[in-house]
Amino acid sequence: MSRAVPAIRLARYHPLAYGNGNVPKAPSVFRFAFHAVIVLILTLLTQIGGIAYLVALAASRACGLRRFPGKLTIFLLCYGSATLAASLAAPIFGRVPLSCVAGAADRLVIRSPIYCLLNRNYVTPDMRDLAKALATHMDKEFPGTVTVALDGNFPFVRGFPLLPHLSHADGKKLDFAYYYKDVDGAFLNGATRSPIGYFAFEQPAPGDELPCQGRNDWLTTRWNFDVLQPLFPAYRIEEQRTSAAIGWLTSEGVTRFGLQKIFIEPHLKNALGIIDSHIRFQGCRAARHDDHIHIQVE
C-alpha cells in the first residue's frame, strides 16, 4: 500500500491530467515540456501546426477553458484558419497549393486529403504547371486516365524538412504514384496499392540490379516495411501508361518545364526499358522509389 500511494500522487500531476478541474495542476516544468513536445511534433508534421497550437493555448486560457473538448475545438479552429491563411500567403513565397478538391473532369488528383490537411501539397508554379500538363497529356493519350500526385512541399521556408523525405524542402519536388493494373491486367484508374500511395513496393526479381544489397546503413530512410507488404492488394504497375508518363517527363518535361531529375529504382527502370540521363538513383540513404516517382525541376 505504501508503494501505491506515491504512484497515485505522481499520476495526479501528470501533464495529461492538466485542465481537469478535479486534478491539481502539474508542476510548471512538466507542463512546459508537455506543450513543447506537442509544438515540436505539430511543427514537424504540418509546419504551421505548432504556431496554431500556441495561439489556441493562449486563447483557451484567455477564455478560461479547462476541459479537453473546448480546448480541442479552439485548436481545430486555429489550425483551420492557419491552413487557409497559408494557402493565401504561400504565393508570396513562391509556392502554390495543388488542390485536394477534384471534380469528375479533373485528371490531376491528390491521393488523399491528408496531404492537404498536413500542408504537404505545395509546389512552385512551374512544378504545378508541369503536373497539370502531364495529366493533360496522359488524358489525351489514354482518354480518362487520372494522374495521382502525392507529397509536394510545405508552404513556407526554403530548407524546412518534409519528413521523411530528404529533399522536399524548396517547392521544386513532387511525387507521383505509378499507374496500376489488377491481376487480370485491367487498368485501375486513379488507384494505388497503398491508401496513401507510399510503402507498397514493387519487389525486384532474381537477378535484378540491387545497388544497396549488402549495405547496413544505420542512418537511412530506406525502409522495406516487410510486415506491411502482404497487406496491400496484388496490383502491378501498368507499363504502358507508366512508360508514357516517364517518356513525356524526359522530353516535354525537360524542354518546357526545366525538369532536372527523376528518381526511380534501377530494377524498375530496367524492367520498363527506360534509358535517359534524367533518370537517377536516389542513393541508399533515401527512401525506396519503387512505390512512387519523384521528380524535381531546376
Side-chain angles (χ1 to χ4, degrees), residues 98-116 120-121 130-152 164-165 174-210 222-250 253 262-276 279 281-282 287-295:
L98 296 177
S99 176
C100 279
V101 181
D106 290 324
R107 294 296 175 255
L108 176 67
V109 302
I110 300 289
R111 178 61 184 91
S112 170
I114 193 172
Y115 292 113
C116 293
R120 303 170 75 96
N121 60 315
L130 183 156
K132 289 184 175 181
L134 171 63
T136 298
H137 169 77
M138 293 302 295
D139 180 43
K140 181 179 179 180
E141 292 295 312
F142 306 93
T145 294
V146 170
T147 296
V148 179
L150 306 175
D151 266 338
H165 302 280
L174 179 63
D175 290 343
F176 289 104
Y178 287 106
Y179 302 88
Y180 287 96
K181 61 185 178 181
D182 63 18
V183 293
D184 297 320
F187 174 56
L188 299 167
N189 200 19
T192 57
R193 292 184 62 206
S194 160
I196 61 171
Y198 289 107
F199 310 133
F201 303 116
E202 297 298 310
Q203 303 302 334
D208 280 348
E209 181 180 353
L210 302 174
R222 191 178 176 83
W223 306 312
N224 293 319
F225 293 109
D226 291 332
V227 69
L228 295 180
Q229 302 313 302
L231 304 179
F232 299 124
Y235 302 160
R236 302 296 295 173
I237 287 180
E238 205 282 325
E239 297 91 343
Q240 190 176 12
R241 286 174 174 79
T242 300
S243 295
I246 296 173
W248 184 91
L249 288 169
T250 55
I262 303 175
F263 291 157
I264 299 176
E265 288 293 315
H267 74 88
L268 271 186
K269 181 186 74 171
N270 297 336
L272 293 170
I274 300 169
I275 301 175
D276 189 275
I279 308 294
F281 173 57
Q282 70 279 359
R288 291 177 59 164
H289 283 69
D290 46 4
D291 60 338
H292 69 281
I293 302 170
H294 167 103
I295 67 170

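The first residue in the sequence is number 1, and the count goes up from there.
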Show me, pair by pair, the donor-acceptor contacts under 3.5 angstrom made by side chains of residues 232-247, not counting sequence neighbours?
unit_1: R236; atom_1: NH1; unit_2: E202; atom_2: OE1; d: 3.3
unit_1: E238; atom_1: OE1; unit_2: Q240; atom_2: N; d: 3.4
unit_1: E238; atom_1: OE1; unit_2: R241; atom_2: N; d: 2.6
unit_1: E239; atom_1: OE1; unit_2: K181; atom_2: NZ; d: 2.9
unit_1: E239; atom_1: OE2; unit_2: K181; atom_2: NZ; d: 3.4
unit_1: R241; atom_1: NE; unit_2: T145; atom_2: OG1; d: 3.0
unit_1: T242; atom_1: OG1; unit_2: E238; atom_2: O; d: 2.9
unit_1: S243; atom_1: OG; unit_2: E239; atom_2: O; d: 2.9

Under 3.5 Å: donor-acceptor pair, side chain of Q282, backbone of I262: no
Straight-line distance of I110 CD1 to I114 CD1, nearest 0.5 Å: 12.5 Å
Which atom of A177 lies closest to which atom of T192, heavy atoms considered: CB-CG2, 3.6 Å
Minimum side-chain heavy-atom gap N224-R288 below 4.5 Å: yes
Any residue meeting side-chain hydrogen bond (donor to acceptor under 3.5 Å, both in side chains) with S194, in chain and number order, not counting sequence neighbours: none
Heavy-atom closest pair, residues R120 and P164: NH2-CD, 4.1 Å
Contact summary for P230 and D226, nearest pair of heavy atoms: CD-O, 3.4 Å
Main-chain N/O of A186 paired with D184 side-chain donor or acceptor, under 3.5 Å: no
OH-CZ distance between Y198 and R111, expressed to the nearest 0.5 angstrom: 12.0 Å
Straight-line distance of D139 CG to L134 CG, nearest 0.5 Å: 11.0 Å
Minimum side-chain heavy-atom gap Y115-L98 below 4.5 Å: no
Minimum-distance pair of heavy atoms, taken over all atoms of A149 and F176: CA-CD2, 4.0 Å
Under 3.5 Å: donor-acceptor pair, side chain of N270, backbone of H267: no
Separation between CG of L210 and CD of E265, rounded to the nearest 0.5 Å: 9.0 Å
NE2-CZ distance between H137 and F142, expressed to the nearest 0.5 angstrom: 7.0 Å
Working for side chain to side chain contact (heavy atoms under 4.5 Å, CB included), residues W223 and L228: CA-CA 11 Å; W223 306 312; L228 295 180; over 6 Å; no
Straight-line distance of E209 CD to F281 CZ, nearest 0.5 Å: 8.5 Å
P195 versus S112, closest heavy-atom pair with distance: O-CB, 4.5 Å
Geometric class of the F225/F201 ring pair [parallel <30°, tilted 30-60°, perpendicular >60°]: parallel
For the student: nearest non-hydrogen atoms of V146 and Y179, plus distance: O-CE2, 3.5 Å
Side chains of H294 and H165 in contact at under 4.5 Å (non-hydrogen atoms): no
Side-chain heavy atoms of L249 within contact of L130, under 4.5 Å: yes
Check: D151 side chain, D175 main-chain N or O, donor-acceptor pair, under 3.5 Å: no
